[in-house]
Participant: 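The structure that follows is given in the form of structure tokens.
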Amino acid sequence: AWYLVPRIRELDDLVTSDLADRVVEAHPESGFAVLAGAPLGLTKKTSEGQTARRDLLAPRFAGLDEALAERPPGVAVDDVLAAVVNAWTARRLVRGTARVLTDGATDHRGRPHQLVT
């Protein structure tokens with residue numbers, strides 16, 4: 001997670017107040033839990049965990065197997081699956097079918113904390 005901190009800070013600096021209500025947080029494992037109806041309980045780094053995640057996404061994304069097979073060198077299978085499930089969550093957010101969780105808290109700039117599932 002610490003590897004992501006510089007990118008999170010970069011995004012944080014780009015989000016202006018007029019964009020704050022459009023920037024939300026999504027976690028891949030939350031997306032997979034929504035797809036499965038419960039937390040998967042399988043590690044994302046194992047072949048069993050990756051197969052379970054792929055099987056949840058494949059009916060929703062034509063070409064998923066090709067994307068996994070043709071991923072750039074150094075890109076892990078679990079990272080591709082995480083990106084795809086977050087795209088699924090984003091699509092549901094735009095369509096109004098995702099849940100936006102918030103407790104009303106804001107960050108140091110007054111922007112709302114929001115988690116999409």
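All values derive from a computational prediction rather than experimental measurement. Reckoned from all heavy atoms, side chains included, excluding hydrogens, waters and symmetry mates.
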Participant: Quick one: name the residues clustered hydrophobically with Val116, using the 4.5 Å side-chain heavy-atom rule over I, L, V, M, F, W, Y, and just say none if it's on its own.
Facilitator: Val24, Leu93, Val100
Participant: Taking all atoms of both residues into account, what is the closest heavy-atom pair of Leu56 and Phe32, and its distance?
Facilitator: CD1-O, 4.0 Å
Participant: Can Glu29 and Arg53 be counted as an ion pair, charged N to O under 4.0 angstrom?
Facilitator: yes
Participant: Can you tell me how far the CG atom of Leu4 sits from the CD atom of Glu10, to the nearest 0.5 Å?
Facilitator: 12.0 Å
Participant: Which pairs with one or both residues in residues 75-103 pass salt bridge (Lys or Arg N to Asp or Glu O under 4.0 Å), sequence neighbours excluded?
Facilitator: Lys45-Asp78
Participant: Just how far is it from atom CG of Asp13 to atom CD1 of Ile8, taken to the nearest 0.5 Å?
Facilitator: 12.0 Å
Participant: Please name the pair of heavy atoms, one in Gly31 and one in Val85, separated by the smallest distance, quoted to 0.1 Å.
Facilitator: C-CG2, 3.8 Å
Participant: Do Leu115 and Leu35 share a hydrophobic cluster, counting only Ile, Leu, Val, Met, Phe, Trp and Tyr and linking them when any side-chain heavy atoms are less than 4.5 Å apart?
Facilitator: no
Participant: Taking atom NZ of Lys44 and atom CG of Leu81, what is their separation to the nearest 0.5 Å?
Facilitator: 10.5 Å
Participant: Which atoms form the tightest heavy-atom contact between Asp12 and Arg109, and what is the distance?
Facilitator: O-NH1, 2.8 Å
Participant: Side-chain contact, heavy-atom cut-off 4.5 Å: Gln114 with Leu101?
Facilitator: no
Participant: Taking ILVMFWY side chains as joined if any heavy atoms are under 4.5 angstrom apart, and letting links pass through other members, which residues group with Leu19?
Facilitator: Leu11, Val15, Val23
Participant: Using side-chain heavy atoms (C-beta onward) and a distance below 4.5 Å, is Thr43 in contact with Glu48?
Facilitator: no
Participant: Short question: side chain of Thr102, backbone of His113 - any donor-acceptor pair under 3.5 Å?
Facilitator: yes
Participant: Applying a strict under-4.5 Å side-chain criterion to I, L, V, M, F, W and Y, I'd like to know whether Leu42 and Leu68 cluster together.
Facilitator: no
Participant: Over all heavy atoms of both residues, which pair between Ser30 and Thr117 is shortest? Give the atoms and the distance, please.
Facilitator: CB-CG2, 4.0 Å
